[in-house]
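Everything quoted here is computed from the prediction, not taken from an experiment. Below, chains carry the letters A, B, ... as their sequence lines are ordered, and counting in each starts from 1.
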Amino acid sequence: MNDVGNIILSISDLTKRYGGKVVADVPTLDLRSGEFVTIVGPSGSGKSTLLGMLTGTIEPTSGEVRIRGRAVTDLPPERRPTVMVFQSLALFPHMTVGKNIEFPLEVKRVPKPERKKRALELMRQLRLPADFYGKGVSQCSGGERQRVAIARALAYDPEILFFDEPLSAIDYRLRKTLEVELMDIHQETGRTFVYVTHSLEEAMIMSDRIAIMRNGKIVQVGDAQTIYSAPANKFVADFLGEINVFDCQIRSVNGKTVQLDCPDVTGPLRAPAIPGLREGQSLCLIVRPENMSILGAANLCDNIVEVTVEHELMLGSRIQYHARLGKRKIIVERLSEVGSLVPAFVPKEGDRVRLGWNSDGGILVAE
Amino acid sequence: MAVSSLQSNPAESGVSLFGAQSAAVPSRRRRWRLSPGLLLAAPIILYLSIFFVAPLLLVVGLSFMPSESTEFRFFLDEDGATSRPTEVTLGIGMAAQKNAEEGVDTAPYGGAERKFDDMGQGGAEAPETKGRQIAFTLDNYRRILAANYDRPFWTSIKLAAMSTIILLLLCYPVAHGLAKTFGRLAPVLTMFFVMPLFVSETIRLYGWSLFFLKGGILNGLADLLGIPFVEIMYTVPAIILGLVNIYLPFMLFPLVLGITLVDDALVAAARDLGATRLKAFLRIQIPLSMPGIVIGVLLTFVLTLGSMSESQILGGQKVMMVAHSIDFTFSWQQDWPLGSALSVILITLTLIAMLWLLSRLDIDKLFKRS
C-alpha cells in the first residue's frame, strides 16, 4: 500500500460513561496505515469498551472517531469500513469455508462466479488449500479456523481489522504458532491490524506499537522496546511481568546518578537519573530479575541487599530464586549451569545471601 | 464373532488365565449386560411395547378385517360369519386361543407379528388351512375413498397446516424476545405462557365458546360499544383460533430453545460484515434456530392433525376433523375395521410428515456444532 504511515484512524476526546462511572477516557490516539497496534490491559481496564467504540458496537458518551478524516462515530458497524475478528472467531457453522469467506461479498450482491474467484484468491493468500472451499468449518483445525475468519474479514475489504482476543482461549503451543502466523498475515496483507488482548507478552511479540490501558485510560503508547526499557510507571512495570519494585525516596541527585533511600535496605541505592527529579520525591526503582546476581563473599556491586532465599524454581535455561527482604519479595535469576564451565555459587532454600546489581540495571519510574 | 468367543471362553480361561483375550472377553460380556442405557430404557421399552406397540398392531390388523368384524383373526369361519359380538372386548389373544382350541390354527399362542410371518410363509401349504378363506381384505381402505371418508383428512391437514403456520409466525417474535431480549422479564412471561397448561383443554375451549356464543361475552361487549356482532362460533376461524390457543406452548418453547442456541456473536459478526438486520436474520438466525423451528412445527402439526375437541366444541358438527371422524366410526357406527383403517392412514400421514421434516436437516449436527 502506498499510504503506509499515514494516519488512518484518529480518536479525539473519546469517553464512555455508564451511569457516573467513566469506563473509557481516551483524549487522543492515532493509528497509522499498515500498522499492527495492540491495545493491552488487565480485565476491566476499558480495552473492550474502547474496541467497541472503534468498531461501532458501543456508542461513545462523547468524542469522535475518524477514519481517514471522516467521522464515523455515529455509523453502525455494518456501515464502517472496518471489520472485527471475534474472540470465538464467529464462523458460521452452517456454511462451508467458501460460503463463510463469500458472506461479505454475498451481502454486497457480488455475482456468484466473481465471489468464488475472490474467495479462492483469499484462501490462496492465507495458505488454505483450495479443496477447503467445500469443507465444513467444524472440520477445520484451530489454525485453519483463524485463517478462515481472517479471509472472511479481508473479503469485506476493510480499512482496519480489529481482533478481540482471538487467541486467548487457545492452548499455549498453538497460540505461539498462531501469533507468528498472524504476524505473517499482517505482513502479507499490509492491512492495519488493531489487536486487543490482556497478555502483554502476546502484544510484545506481534505489535509495531502497544497501547497499555488502565482504569479506562491509556497509560503508555510505544513499541515493545520502549515499553520494556522505559515503562511509564509502576503499573506498566508490574504489568511487564516478574519484576522487583523498590519504593524509594530520593536522597540526593549527583549528575547522572541518584541516591535513594529505601525501607528494609541499609545504605543508599544508586540508580541512573531521569529528568525532573527533586530531593525527597517518592519514586519506584525497578530492577529486573536477570539484572540481579547472587554475590559471592568477594564480589562488589553498586547496590547490595541481603535477603533470605525462600524458593528455588527450575525454569529450564534459567533458575529463579524467590527471596525475602523485609516484607518485600525479591526475584532473582541466574542461568542454569548445565554445560557451564565455571560452577556458580549455588544458594539453598533458607540461606542468607547478598544480591547485587550495578546502578545502570535499575530504572526509576513514577508511582 | 462375539458368540464364538463366548463359547470358547471356558476352555481358554483355564489355560491362559491372564491372557489378553480371556481378560477381554469377560469384560465385554459384563459391559453388555450392565449397559446403563439399556437398563434405564428397559421400563419405558416394556411400557411402550405393551401399551403402545401392541394396540397399534391390533389396530393395523383390524384395519384389514372385513367390515363390522370386532376381532382380529386370520381366517373366516366356515360358515363365513364375520362377527362374534361376545368377544368384542377380548381382542387378539383370546381369539387366537379359541382358534387353537378348535384346532383350526397351527400358529402358537403369541403376538400378531409372529402370526403374520406364519401367514406369509405357509398359508397355502399348510393342510389345515385348505378350503378356508383368508380374512384379510382391503375393503375398508376402498370404502374410505369411495364414501368420501377422505374429506375429514383434507380438513384436518388444512386446519393443521394453517394453525401451524399462524403459530410459527406468531411465536417466533415472542420466542426471540424470550430467548434474547426480555432479560429478567423472560421468566415471568414464560410463566404466563405456561399457566394455561394448568387448565384443562376442554375447560379452556368451553370458555372460548362462552366468549364467542350469541349472547356471550363478545356479543355483550359488542352491544355495549355499539359495534355489530359477528358470529364466529361454529366456523373454521373459530376452530383455528382454538387450535392456536391450545397448542401455542408446543410451538413457543421449542422455538425459544432453538433461538437460545444461536450464538449472538454470529449475528453480530454477520452485521459487522455488512449484512442488514434482515439479511443477518434470514441467513444466520433462521438457519441456526432451525432445530427449534422443526421441532415446534412437528409438534404442533402432529398434535393439531390428531386434535378433536377444538372442532367439536368450537366447530360444532359443521366441520369434521379426522380424529372426530375416527371417534365417530368406532363409537357411533361401531365399525371397528373402518375406524382402524382411518387411524392407520392418520398415523401414516403423521409419520410421513415427521420423516419429511426431520430429513430436512441434520438435527444432531446442528446441536453438536462447535
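- Of the atoms belonging to Ala270(B), heavy atoms from both backbone and side chain fall under 4.5 Å from chain A.
- Heavy atoms only, all atoms of each residue included: Phe103(A) and Ile284(B) are closest at CE1-CD1, 4.1 Å.
- Under a cut-off of 6.0 angstrom, the local environment of NZ in Lys117(A) is sparse, with at most 12 non-hydrogen atoms contributed by other residues, nucleotides or ligands.
- Within the 4.5 Å cutoff, the side chain of Lys279(B) has heavy atoms near those of the Glu106(A) side chain.
- The local environment of CD in Glu64(A) is crowded, with over 12 non-hydrogen atoms from other residues, nucleotides or ligands closer than 6.0 Å.
- Identified by a heavy-atom distance below 4.5 Å to chain B, the contributing residues of residues 72-90 of chain A are Pro77(A), Glu78(A), Thr82(A), Val83(A), Met84(A), Phe86(A), Ser88(A), Ala90(A), in residue-number order.
- The distance from atom CG of Leu273(B) to atom NZ of Lys108(A), rounded to the nearest 0.5 Å, is 9.5 Å.
- The environment of CZ in Arg127(A) is crowded: more than 12 heavy-atom neighbours from other residues, nucleotides or ligands sit within 6.0 Å.
- The CG atom of Asp263(B) sits 11.0 Å away from the CG atom of Leu91(A) when rounded to the nearest 0.5 Å.
- Counting heavy atoms from C-beta on, the side chains of Phe92(A) and Arg283(B) never come closer than 4.5 Å.
- With a 4.5 Å cut-off on non-hydrogen atoms, Ala155(A) does not touch chain B at all.
- Residues Pro93(A) and Leu288(B) approach most closely at CG-CD2, 3.6 Å, considering heavy atoms.
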